[in-house]
Asks: 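Before anything else, here's the structure in question.
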Amino acid sequence: MNKKGFIFDLDGVIVDTAKYHFLAWQNLAKSIGIDFTHEQNEQLKGVSRVKSLEKILEWGNKTISEELFASLMGKKNEEYLSFIEKMTDEEVLPDVPKILAYLIAQKQPISLGSASKNARPILEKVNLLSKFDAIVDGNDVSKAKPDPEVFLIAAQHLNMKPEDCIVFEDSVAGVQAANTANMISIGIGERNVLHEADYIFSDFTEIENSFIQELINR
Ligand code: BG6
Ligand code: MG
C-alpha cells in the first residue's frame, strides 16, 4: 500500500486561530505606538512568537530592553490564550475532520507541523489531538519557518522521506519551508498570497478525496 506523510500546519489550516494571533499582535503593537498593515500581518503568519515581535519592532523602528521584550511576549500570549479559552470545535475549519478521516481510513501517516507553542492544548480543545501520529510544534524547533526544520522533524517522526511528504499551509513562510524541505506544498488561502505553493485551494471544501488519492499514488 502506498504511503505518504501528510503534514498539517495548525493556525489558519486546522483551526481558525490566525484571526486571534492577528488581533492580539495588533493590540500589542498599538499599545507601544506601532500600527501594522494586513500585508505586514501576512508576513507574521507561520512565524514564531519571538520572530513576530522582532518584525513588529523593526517595522515600528523601535529598540527595547530584553525585559520589556519578554514582558510584551507574555502579554501577547495572555491575550491570545484568552481568545483560545472561549474557542469550541466550531472553529475547526470546514472539511478538516473529513480530510483527516479520509487519510486515517487510507492508513496514511499524519503529523502536525506548527510554529505554535500552544498547539497541543488547542488540538485537545477541538478534539483532534488523537488524529495525529506525531505532533511537531514550536516547542520542538530552534529555527522558525521559512526554515524547513519543523517539517523535516515531522517527516522523521512519520518515518517518511521529505520528498514523500505533503504539507498543508496557509502562510507564505510555511509554503517556503515546505518547498525548501523538498515536500509538496499545498497552500490553503488566497492565490495571490500563496502563489509559491505547488497547489492552492481556498479551503478544504475544494479538495476532493480523488485529489488526495492521486497524491497517495504518486
Ligand atoms: C504560527 C502562527 O502557527 O504560530 C503565528 O501562524 C504565531 O501567527 C506562531 O505567532 C507562534 O504561535 P504561539 O501560539 O506559540 O504564539
Ligand atoms: Mg498557519
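These figures come from a predicted structure and were not determined experimentally. We count ligands from 1, going down the list as the structure has it; atoms in each ligand are counted the same way.
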Asks: Just to be sure I read this right, does ligand 1 sit under 4.0 Å from the backbone of Lys117, its side chain, both, or neither, counting only heavy atoms?
Replies: both
Asks: Against heavy atoms of Arg49, which atoms of ligand 1 measure under 4.0 Å?
Replies: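 Atoms satisfying the 4.0 Å criterion: 11 (C), 13 (P), 15 (O), 16 (O).
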Asks: Name the closest protein heavy atom to atom 6 (O) of ligand 1, giving the residue it belongs to and the distance to 0.1 Å.
Replies: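 Nearest neighbour among protein heavy atoms for atom 6 (O) of ligand 1, to 0.1 Å: Gly46 N, 2.8 Å.
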Asks: Among all protein non-hydrogen atoms, which one is nearest to atom 3 (O) of ligand 1, and what is the separation to 0.1 Å?
Replies: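 Nearest neighbour among protein heavy atoms for atom 3 (O) of ligand 1, to 0.1 Å: Asp11 OD2, 2.7 Å.
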Asks: More than 12 heavy atoms of other residues, nucleotides or ligands under 6.0 Å from NZ of Lys161: yes or no?
Replies: no
Asks: Could you walk me through whether Val150 and Asp9 satisfy the side-chain contact (heavy atoms from CB on, under 4.5 Å) test, starting with their C-alpha distance in whole Å, then the side-chain angles of each, then the deciding distance to 0.1 Å, before giving a yes or no?
Replies: CA-CA 10 Å; Val150 63; Asp9 173 48; over 6 Å; no
Asks: Does NZ or CZ of Lys76 fall inside the cone over Tyr80's six-membered ring, less than 6.0 Å from its centre and within 45° of the axis?
Replies: yes
Asks: Quick one: does ligand 1 sit under 4.0 Å from the side chain of Leu44, the backbone, both or neither, non-hydrogen atoms only?
Replies: backbone
Asks: Checking Ser185 against Asn179: is there a side-chain donor and acceptor pair closer than 3.5 Å?
Replies: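 Yes, side-chain donor-acceptor contact under 3.5 Å.
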Asks: Which value, rounded to 10°, describes the O(Asp11)-the Mg ion (ligand 2)-OD1(Asp170) angle?
Replies: 90°
Asks: Suppose I only count heavy atoms of Lys45 and a 4.0 Å limit; which atoms of ligand 1 are within that range?
Replies: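 Every atom of ligand 1 under 4.0 Å from some heavy atom of Lys45: 6 (O).
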Asks: Is it true that Val15 and Ile188 fall in one hydrophobic cluster, defined by side-chain heavy atoms closer than 4.5 Å?
Replies: yes
Asks: Please name the atom of Asp9, limited to N, O or S, that comes nearest to the Mg ion (ligand 2).
Replies: OD2
Asks: Mark the output for Ser171 as yes if a heavy-atom distance to ligand 1 is under 4.0 Å, and as no if none is.
Replies: no
Asks: Is the Tyr20 ring parallel, tilted or perpendicular to the Phe83 ring (thresholds 30°, 60°)?
Replies: parallel
Asks: Would you say the side-chain atoms of Ser171 and Glu169 include a donor-acceptor pair closer than 3.5 Å?
Replies: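 Short answer, yes.
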Asks: For residues Gly189 and Ile200, report the shortest heavy-atom separation together with the two atoms involved.
Replies: O-CG2, 4.0 Å
Asks: For atom 8 (O) of ligand 1, what's the nearest protein heavy-atom neighbour? Residue, atom name and distance, please.
Replies: His21 CG, 3.5 Å
Asks: With atom 11 (C) of ligand 1 as the reference point, say which of Ser116, Gly174, Gly138 has the nearest heavy atom.
Replies: Ser116
Asks: Could you check whether Asn77 and Asn118, counting side-chain N and O atoms only, form a donor-acceptor pair closer than 3.5 Å?
Replies: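 Side-chain D/A pair, Asn118 to Asn77: present.
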Asks: Looking at ligand 1, is there an atom of it that comes within less than 4.0 Å of some heavy atom belonging to Val47?
Replies: yes
Asks: Just heavy atoms, cut-off under 4.0 Å: does Ser52 contact ligand 1 by side chain, backbone, both, or neither?
Replies: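 For Ser52, the contact with ligand 1 is made by the side chain alone.
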